[in-house]
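So the structure is just underneath, and the comments pick up after that.
Within every chain, numbering begins at 1; the chains are lettered A, B, ... in the order of the sequence lines, protein sequences first and strands thereafter.
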Number of protein chains: 2
Amino acid sequence: MKRASRMVLIEKIVSENIVTSQEDLLRMMEGKGVQCTQATLSRDLRQMGISRGFDGSGGYRYLLPGKREETAELFPGREMEAITGMTWAHGLLLINTPPGFASAVAIKIDRSGRYEIAGTVAGDDTILLIPRDNISNEAVEECLTTIFLSNTKTQL
Amino acid sequence: MKRASRMVLIEKIVSENIVTSQEDLLRMMEGKGVQCTQATLSRDLRQMGISRGFDGSGGYRYLLPGKREETAELFPGREMEAITGMTWAHGLLLINTPPGFASAVAIKIDRSGRYEIAGTVAGDDTILLIPRDNISNEAVEECLTTIFLSNTKTQL
DNA sequence: ATCCAGAGTGCAAATTTATACATTTTTTAA
DNA sequence: TTAAAAAATGTATAAATTTGCACTCTGGAT
């Protein structure tokens, strides 16, 4: 199991469960058939920016890095309609939107916290999406599908 | 010293300093003439929602709630703190910052006039840094260190 | 093919944080 | 004021996280 895919799983587990400790996470990972040590998780979590916070009821839990308030004026679940085109070039994905919609869509992508996506830069009607190294185009497109489709089918 | 006023001091210290551990905080509190134990700080911090996060340069620090990704004010000489993460992909360097800080940091990079850096593109919270051809990642990172650490000896 | 450099990992030790329990301090109610 | 109840804190310890070190693996360069 490679680091990148392990991280993808970590992100998924942390986003969908209340993870109270690294040992806790370790067990969940094993439940998914992925093995490593707690020390490795400590390092992964730091690299991913996932830190221990509070669950609001006195307990501790791990949280994905910074959520930010939604500035998009997109119809929930219909963000896909704001994407008018996509082109791959030099390993980068150029996403076209109607004028003014680029940052709204980019924010949604950024907030997904998907590990496969290193980051985005948004202009007015174009988004440059930079995948992490060694992530396939298909994986990135699957990410986008996951992000923008409400009925996400679970995989991995 | 009462709990409430101790908490006021904790908030002040955490917001104005890079606190890396509870022991660290304890010493700063003592420096302000307030004494308690690490156990008490642990309890105070939980109640205040102050959790341990990352400083963007591989280190740990305590962060006020809601300021999870925004702790870094763009104080002159402390721009490094506004860099919350960096990733290399496709020979390009993606720099993450708190929302809204990207262009401020990018301007600083542009003005440095470093040959190794061909240019930058800044979004809201992401900067795409394009190195010149045949410049190593390490060289670029050294550039950034030079740019941001040149006048940082006072703090951090 | 071989060597080298760097990334990644496990293990165990060190460090840091959380908590059980006892004690002290503060608050409440008379 | 005073007794009882509740809250806060310290101590000691447990639990959790981080890190130094050694080893492995991988990708390049010779």
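The OH atom of B/Y62 sits 14.5 Å away from the CG atom of B/N17 when rounded to the nearest 0.5 Å. Between atom CE of residue B/M29 and atom SG of residue B/C36 there is a gap of 5.0 Å, rounded to the nearest 0.5 Å. Atom CE of residue B/M28 and atom CG of residue B/L41 lie 11.5 Å apart, to the nearest 0.5 angstrom.
Here the options are A/T120, A/L144, A/I127, the test is side chain to side chain contact (heavy atoms under 4.5 Å, CB included), and the partner is A/L93; only A/L144 passes.
Rounded to whole Å, the distance from CD on A/E30 to C1' on C/dG10 is 14 Å. Straight-line distance from the CZ atom of B/R43 to the C1' atom of D/dA12: 12 Å, rounded to whole Å. Between A/M48 atom CE and D/dT18 atom C1' there is a gap of 18 Å when expressed in whole angstrom units. As a whole-Å value, the separation of A/D44 CG from C/dT9 P is 6 Å. In this structure, the CD atom of B/Q35 is 18 Å from the P atom of C/dT24, given to the nearest Å.
A heavy-atom distance below 4.0 Å to DNA chain C is reached by none of the residues of residues 21-29 of chain A.
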Restricting both atoms to N or O, compile the protein contacts to nucleotides 5-8 of chain C shorter than 3.5 Å, with distance only.
| from | atom 1 | to | atom 2 | distance (Å) |
| --- | --- | --- | --- | --- |
| C/dG8 | OP1 | A/R3 | NE | 3.3 |

For nucleotides 12-14 of chain C, tabulate all protein N/O to nucleotide N/O atom pairs closer than 3.5 Å, reporting atom names and distance.
none

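Heavy atoms of other residues, nucleotides or ligands lying less than 6.0 angstrom from CD of B/E11 number 12 at most.
The residue B/R46 sits close only to the backbone: its heavy atoms come under 4.0 Å of sugar-phosphate atoms, none of a base. Using a 4.0 Å heavy-atom distance criterion, B/T37 is classed as a base contact. Note on A/S42: a base of the nucleic acid sits closer than 4.0 angstrom, heavy atoms only.
Proximity of A/R52 to the phosphate of C/dT17: no side-chain N or O atom is located under 4.0 Å from OP1 or OP2. In terms of phosphate contacts, A/Y60 brings no side-chain nitrogen or oxygen within less than 4.0 Å of OP1 or OP2 of D/dT17. Remark: B/Y62 is in phosphate contact with C/dT17, judged by side-chain N or O atoms under 4.0 Å from OP1 or OP2.
With hydrogens and angles disregarded, a donor-acceptor distance shorter than 3.5 Å links the side chain of B/R52 to the backbone of B/T20.
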